[in-house]
Amino acid sequence: MLDPKLIRSELASVAEQLKKRNFELDVATLERLEQERKACQIETEQLQNERNTRSKSIGKAKAAGEDIQPLLDEVAGLGEKLDAAKTRLHEIQQQIDAIMMGIPNLLHESVPVGRDEDDNVEIRRWGEPKKFGFEVKDHVDLGAKNGWLDFETASKLTGSRYVVMRGQMAKLHRALIQFMLDVHTNEHGYTEVYVPYIVNSDSLRGTGQLPKFEEDLFCVDKEAGHYLIPTAEVPVTNIARGEILEADQVPMKLTSHTPCFRSEAGSYGKDTRGMIRQHQFDKVEMVQLVSADQAWDALEELTAHAETILQKLELPYRTVVLCSGDVGFSAAKTYDLEVWLPGQDTYREISSCSCFTDFQARRMQARWRNPETGKPELLNTVNGSGLAIGRTLVAVLENYQQEDGSVLIPEVLKPYMGGVEKLV
RNA sequence: GGAAGGGUGGCUGAGCGGUUGAAAGCACCAGUCUUGAAAACUGGCGUGGGUUUACGCCCACCGAGGGUUCGAAUCCCUCCUCUUCCGCCA
């Protein structure tokens with residue numbers, strides 16, 4: 001959520017900035033509602049003040065043993081007026097809130113202006129796509145061997161867009177998770193957390209998935225408002241919801257491995273082959289809760305942490321800054337890391353690192369106490385995948401494939417594979 | 001799943017339906033004292049919102065949401081949550 005004060009005082013400028021992300025802010029409606037709100041709120045508070053004052057005097061009179069009936073007669077009708085005003089104020093406020101909750105974050109000035117993903121800008125590239133002296137296979141063909149990746153069985157068990165992994169492939173998948181968590185905790189200063197995979201709607205509102213993007217989620221209990229997490233970002237970031245962190249806890253750097261569940265509504269026909277787009281996938285996530293002046297450095301740092309994983313795995317990738325039309329709802333700036341997939345002869349997203357400024361924190365009321373002022377201030381939130389496990393597995397298979405269909409194990413993963421050097 | 005008891009400011013912890021945003025203690029900040037520190041003493045010290053150039057004034061908040069009342073932290077209802085005991089169980 002944006003700062004309501006900013007919306008009031010800089011409405012035109014905010015609307016102008018939002019145009020960059022193809023978002024039309026209904027300025028006229030907001031202005032009208034804001035005017036009504038102001039008038040109504042003043043009226044309501046005046047009535048409340050009157051009621052409080054009179055009630056107090058009734059209390060005094062009663063304590064003094066006076067007859068309070070005349071005073072009671074005076075307040076007759078006040079309650080009704082107050083109730084009416086309150087109801088109206090509440091309605092107006094709800095309309096404003098509904099609009100406010102649907103407004104995306106403001107973009108950082110460095111975000112390039114563009115329409116869609118085609119206008120994203122590559123800012124750096126690491127590693128050289130390997131030249132294979134044979135016809136490369138994609139991960140689906142490679143995974144067919146030994147039932148390593150079994151999509152047919154998964155669709156029997158559940159449906160499309162799920163996978164069963166077997167034997168060394170399942171182990172490699174687990175090795176990637178262990179490896180990434182170890183790097184982030186041992187070398188990057190993150191604290192590992194284990195979190196629930198089901199969250200309530202308050203948490204989803206906090207990070208911005210609700211109310212706008214409910215169709216992307218799996219709901220497990222409509223009545224309780226419980227959903228499967230689409231990313232660890234939701235439970236991990238919401239750890240700070242409603243909290244005031246002490247200065248020595250900031251920045252708070254957390255990492256977590258979780259499965260992620262996405263309904264992928266509206267992506268029919270997209271990436272239907274293989275593991276690129278699944279309803280369930282695993283991810284190691286990094287989250288940083290920082291002060292406002294640390295936010296942009298934190299985004300660079302966290303992005304570098306994700307890149308480190310790719311470098312250690314020796315997977316070629318490029319870093320892309322998303323253009324204004326492609327940045328997600330809650331983010332102010334996003335870097336995507338795209339890994340080279342020989343099977344597709346292209347770079348594919350494997351990590352997304354974003355700075356949300358105070359957008360999520362305001363929704364969550366996640367704050368820290370600034371010792372300089374002694375006052376609570378909104379945190380800034382930064383997060384990114386470090387990395388998506390399924391896609392990393394795909395990248396390892398395709399990049400490390402041999403002509404005979406076997407797959408070499410990247411050097412850094414060997415300790416996690418119990419001495420196995422090659423999947424055969 | 002059954003039974004009982006709790007949820008109050010950064011923490012601990014009082015609170016009869018009425019001048020209680022809320023005692024007290026701790027912590028914290030400032031000052032006095034001291035060579036310095038500690039102790040002691042004095043004062044300050046919640047959050048959100050509205051309004052104002054500003055000083056300030058006003059409103060809301062005692063787990064959440066309803067209700068009763070002129071007036072609710074205090075009474076009633078629903079829900080959430082925590083603790084303890086019993087049962088069941090990976």
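Each chain gets a letter, A, B and so on, in the order its sequence line appears, and its residues count up from 1. If you're wondering where the values come from, they're calculated on a predicted model, not measured in any experiment.
Mapped onto RNA chain B by nearest heavy atom, Glu34(A) and Gln46(A) fall at different nucleotides, with Glu34(A) at the one closer to the 5' end. In terms of position on RNA chain B, the residue among Val75(A) and Pro4(A) whose nearest nucleotide sits closer to the 5' end is Pro4(A).
Using the Watson-Crick or G-U wobble rule with both distances under 3.5 Å, U69(B) pairs with nothing in any strand shown. Summarising the base pairing, A60(B) is matched to U47(B) through a Watson-Crick or G-U wobble pair whose two defining distances lie under 3.5 Å. The pairing partner recorded for C16(B) is none, the criterion being a Watson-Crick or G-U wobble arrangement whose two distances lie under 3.5 angstrom. When both distances must be under 3.5 Å, the Watson-Crick or G-U wobble mate of C85(B) is G2(B). Pairing for A40(B) is with U32(B), a Watson-Crick or G-U wobble pair whose two hydrogen-bonding atom distances lie under 3.5 Å. As the counterpart of G9(B), no nucleotide is assigned, since no Watson-Crick or G-U wobble pattern has both distances under 3.5 Å.
As judged by a 4.0 angstrom heavy-atom cut-off over every strand, Arg362(A) is placed among residues making no nucleic acid contact.
Of the charged side-chain nitrogens involved, at least one lies within less than 4.0 Å of a carboxylate oxygen, so that Lys312(A) and Glu187(A) count as a salt-bridged pair.
As rounded to the nearest Å, G5(B) and C89(B) have C1' atoms that lie 25 Å from one another. If you take atom P in G44(B) and the same atom in C82(B), they sit 39 Å apart, rounded to whole Å. For the P atoms, the distance from C57(B) to C62(B) is 23 Å, rounded to whole Å. Between G2(B) and G13(B), the two C1' atoms lie 32 Å apart (nearest whole Å). Taking the P atoms as reference points, U81(B) lies 15 Å from A64(B), given to the whole Å. For the P atom pair drawn from G9(B) and C80(B), the interatomic distance equals 22 Å after rounding to whole Å. Across C59(B) and G21(B), the matching P atoms stand 10 Å from one another, rounded to whole Å. Here the separation of U12(B) from U83(B), taken at their P atoms, is 15 Å to the nearest Å.
For Glu233(A) and Thr207(A), the side-chain atoms include no donor-acceptor pair closer than 3.5 Å. Donor-acceptor pairing under 3.5 Å is recorded for the side chains of Thr319(A) and Glu307(A).
Between His108(A) and Trp296(A), the ring-plane angle classifies as tilted under the 30° and 60° cut-offs. Classification of the Tyr190(A)-His188(A) ring pair by plane angle, with boundaries at 30° and 60°, yields perpendicular. By the 30° and 60° cut-offs, the orientation of the rings of His139(A) relative to Phe151(A) is perpendicular.
A heavy-atom distance below 4.0 Å to RNA chain B is reached by these residues of residues 47-61 of chain A, ordered by number: Gln48(A), Asn49(A), Arg51(A), Asn52(A), Ser55(A), Ile58(A), Gly59(A), Lys60(A). A heavy atom closer than 4.0 Å to some atom of RNA chain B occurs in Lys5(A), Arg8(A), these being the qualifying members of residues 5-13 of chain A.
For the pairing with Leu387(A), the side chain to side chain contact (heavy atoms under 4.5 Å, CB included) check across Leu310(A), Leu315(A), Val339(A), Val284(A) returns one residue only, Leu310(A). The residue from Ser110(A), Ser354(A), Ser324(A) that alone fulfils the side-chain hydrogen bond (donor to acceptor under 3.5 Å, both in side chains) condition with Lys333(A) is Ser110(A).
Taking the six-membered ring where the residue is Trp, the centroids of Tyr197(A) and Phe261(A) are separated by 6.0 Å or more.
Looking at Met180(A) and His257(A), their side chains never come closer than 4.5 Å, going by heavy atoms from C-beta outward. Within the 4.5 Å cutoff, the side chain of Asn383(A) has no heavy atoms near those of the Gln288(A) side chain.
Open room surrounds CD on Glu109(A); 12 or fewer heavy atoms of other groups in view lie less than 6.0 Å from it.
With a heavy-atom cut-off of 4.0 Å to chain A, the contacted part of RNA chain B has its first and last nucleotide at G18(B) to G71(B).
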